[in-house]
Amino acid sequence: MVHAQFDPTARQLLAVAAVEAKTRKDLTWQQIADVSGLSVAFTTAAVLGQHALPKEAAEAVTEILGLDADAAVLLQTIPTRGSIPGGIPTDPTVYRFYEMLQVYGTTLKALVHEQLGDGIISAINFKLDVRKVADPEGGERAVITLDGKYLPTKPF
């Protein structure tokens, strides 16, 4: 049976325990994703409390992290989503994404609507990828791909 959370506290506490276990065991998110059979982005988001994991994935993740059966059950529940509390984010990495949306949000909206029409890009039917690439001018660059299904507005 599918169960949903109405209060994010339980999943937040599980996320803290999972990150502590990940650190203690010196695991990467990719290693955890590998045992889950899912993408690193989806698995990371699930462990951090933003998605439910299928039963087999939840059991594999809790096993590699050394968490108990209750944690596996909790990882299968549909969470109350949203990882950024109200107000402007204070973490520098998260803030930069906020800043990017402040600067480019209206541009993204204009380009999406011009190229696709009136609608939204799904965060449910969605893929995320983060890669590090060499910068021709020296150093490294981050390439972040947000790949969401376009859902047109339907008059009714």
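Bear in mind that the values here come from a model prediction, so they are computed numbers and not experimental data.
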Pairs under 3.5 angstrom only: tabulate donor-acceptor contacts from the side chains of residues 134-146 to other protein residues two or more places apart or in another chain.
{"from": "D135", "atom 1": "OD1", "to": "E137", "atom 2": "N", "distance (Å)": "2.9"}
{"from": "D135", "atom 1": "OD2", "to": "R141", "atom 2": "NH1", "distance (Å)": "3.4"}

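- Salt bridge R24/E20: absent, no basic N to carboxylate O contact under 4.0 Å.
- Between D26 and Q31, the closest heavy-atom pair is O-OE1, 4.0 Å.
- For the pair S36 (side chain) and L38 (backbone), a donor-acceptor distance under 3.5 Å is present.
- Salt-bridge annotation for D129 and K127: absent, with no side-chain N of the basic residue lying under 4.0 Å from a carboxylate O of the acidic one.
- Cluster membership for F97 and F126, using ILVMFWY side-chain heavy atoms within less than 4.5 angstrom, is shared.
- In this structure, the side chain of Q50 engages the main chain of G82 through a donor-acceptor pair within 3.5 Å.
- Between L48 and V19, the closest side-chain pair of non-hydrogen atoms falls below 4.5 Å.
- Residues Y95 and P92 fail the side-chain proximity criterion, which asks for heavy atoms closer than 4.5 Å.
- Cluster membership check: V40 does not share its hydrophobic cluster with L128, using side-chain heavy-atom separations under 4.5 Å among Ile, Leu, Val, Met, Phe, Trp and Tyr.
- Rounding to the nearest 0.5 angstrom, the gap separating the CG atom in L27 from the NZ atom in K22 is 7.5 Å.
- Looking at R11, its side chain does come within 3.5 Å of a backbone N or O of H51 through a donor-acceptor pair.
- Remark: side-chain polar atoms of Q115 are not paired, donor with acceptor, to backbone N or O of V112 under 3.5 angstrom.
- Of all heavy-atom pairs between K25 and G66, the closest is CE-N, 3.9 Å.
- Contact of the L14 side chain with the Q12 side chain is not registered, since no non-hydrogen atoms from C-beta on lie closer than 4.5 Å.
- The two residues T93 and D91 come nearest to each other via the heavy atoms N-OD2, 3.0 Å.
- Nearest approach of P79 to G49, heavy atoms of both residues: CB-O, 3.2 Å.
- Each of L67, V61, D70 was scored for a side chain to side chain contact (heavy atoms under 4.5 Å, CB included) with L75, with one residue passing: V61.
- Across all non-hydrogen atoms, the minimal contact from A71 to D68 is N-OD1, 2.9 Å.
- For the pair T62 (side chain) and E59 (backbone), a donor-acceptor distance under 3.5 Å is present.
- For the pair I120/Y150, no side-chain contact is recorded, criterion being any heavy-atom separation below 4.5 Å from C-beta on.
- In this structure, the side chains of L65 and I32 come closer than 4.5 Å at one or more pairs of heavy atoms.
- In plain terms, the two heavy atoms of A72 and A58 that are nearest each other are O-CB, 3.4 Å.
- By the neighbour-count criterion of 12 heavy atoms within 6.0 Å, atom CD of E63 is sparsely surrounded, having that number or fewer from other residues, nucleotides or ligands.
- Here the side chain of T44 pairs no donor or acceptor atom with the backbone of A41 at under 3.5 angstrom.
- Rounded to the nearest 0.5 Å, atoms CG (L151) and CG (D118) are 12.0 Å apart.
- The NZ atom of K109 lies 12.0 Å from the OG1 atom of T107; values are rounded to the nearest 0.5 Å.
- A side-chain N or O of Q102 and one of Y98 form a donor-acceptor pair less than 3.5 Å apart.
- For the atom pair CG of L108 and CD1 of I121, the computed distance is 7.5 Å after rounding to the nearest 0.5 Å.
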